[in-house]
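Order of appearance sets the numbers: ligands from 1, and atoms from 1 within every ligand.
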Amino acid sequence: MTKPIILIVNGPNLNLLGTRQPELYGHETLACVEASARTHAASLGLEVEFHQSNHEGDLVDWIQSARQRCVGIIINAGAYTHTSVAILDALLAVQVPTVEVHMSHIHQREEFRHHSFVSKAAKGMICGFGSHGYILALDALARLIRGS
Ligand SMILES: O=C1C[C@@](O)(C(=O)O)C[C@@H](O)[C@@H]1O
């Protein structure tokens, strides 16, 4: 039997996890984050579709593809979080329950990182817990889905 799908979308520079500013983002690679997310999702009876791109339009396309196909979205839009009306509009259009994730604590960082367009469409936001944020987001979505 096919399991309900959670789309996990990662934005620019997250392909560099593991080597990129490890004091902020830790030493784990994106492949490790993906593997942990898949394992945890399976324990919740969910399947993960995991993507990363440095290009805004790719993120928009993946979000659009989730409509009537995925039961939830987890998104770390990277720097597009703070700039992209297109990603916000895509999330508003598909109406799929969404949890926003940031590895770092964006509210303790530069002022320009405090505003998130993604937050306007998300059920909630998890930041500051490093890669564990993806696991927390899966738990939050699993609970939301079961409740609905
Ligand atoms: O690329 C990123 C990563 C980030 O989304 C995070 O996961 O902490 C925070 C963003 O401000 C930044 O541009």
Across all chains, not counting sequence neighbours, the side chain to side chain donor-acceptor pair (under 3.5 Å) partners of Glu49 are His51, Arg69
Measure the spacing between CD of Glu56 and CD1 of Ile87 and express it to the nearest 0.5 Å.
5.0 Å
What are the atom names and distances for all N or O pairs under 3.5 Å between ligand 1 and the protein?
unit_1   : atom_1 : unit_2 : atom_2 : d
ligand 1 : 1 (O)  : Arg20  : NH1    : 3.2
ligand 1 : 1 (O)  : Arg20  : NH2    : 3.0
ligand 1 : 5 (O)  : Asn76  : OD1    : 2.7
ligand 1 : 5 (O)  : His102 : ND1    : 2.8
ligand 1 : 7 (O)  : Asn76  : ND2    : 2.9
ligand 1 : 7 (O)  : Met103 : N      : 2.8
ligand 1 : 8 (O)  : Met103 : N      : 3.3
ligand 1 : 8 (O)  : Ser104 : N      : 2.8
ligand 1 : 8 (O)  : Ser104 : OG     : 2.6
ligand 1 : 11 (O) : His82  : NE2    : 2.7
ligand 1 : 11 (O) : Arg113 : NH1    : 2.9
ligand 1 : 13 (O) : Ala79  : N      : 3.2
ligand 1 : 13 (O) : Arg113 : NH1    : 3.1

Does anything in residues 84-96 pair up under salt bridge (Lys or Arg N to Asp or Glu O under 4.0 Å), and if so which pairs, sequence neighbours excluded?
none
Apply ring pair (Phe, Tyr, Trp, His ring centres under 6.0 Å) to His55 and list each qualifying residue two or more places apart in sequence or on a separate chain.
none
Between Tyr25 and His27, does the ring centroid distance fall short of 6.0 Å?
no
Classify the side-chain pair Ser116/Glu100 by whether it contains a donor and acceptor separated by less than 3.5 Å.
yes
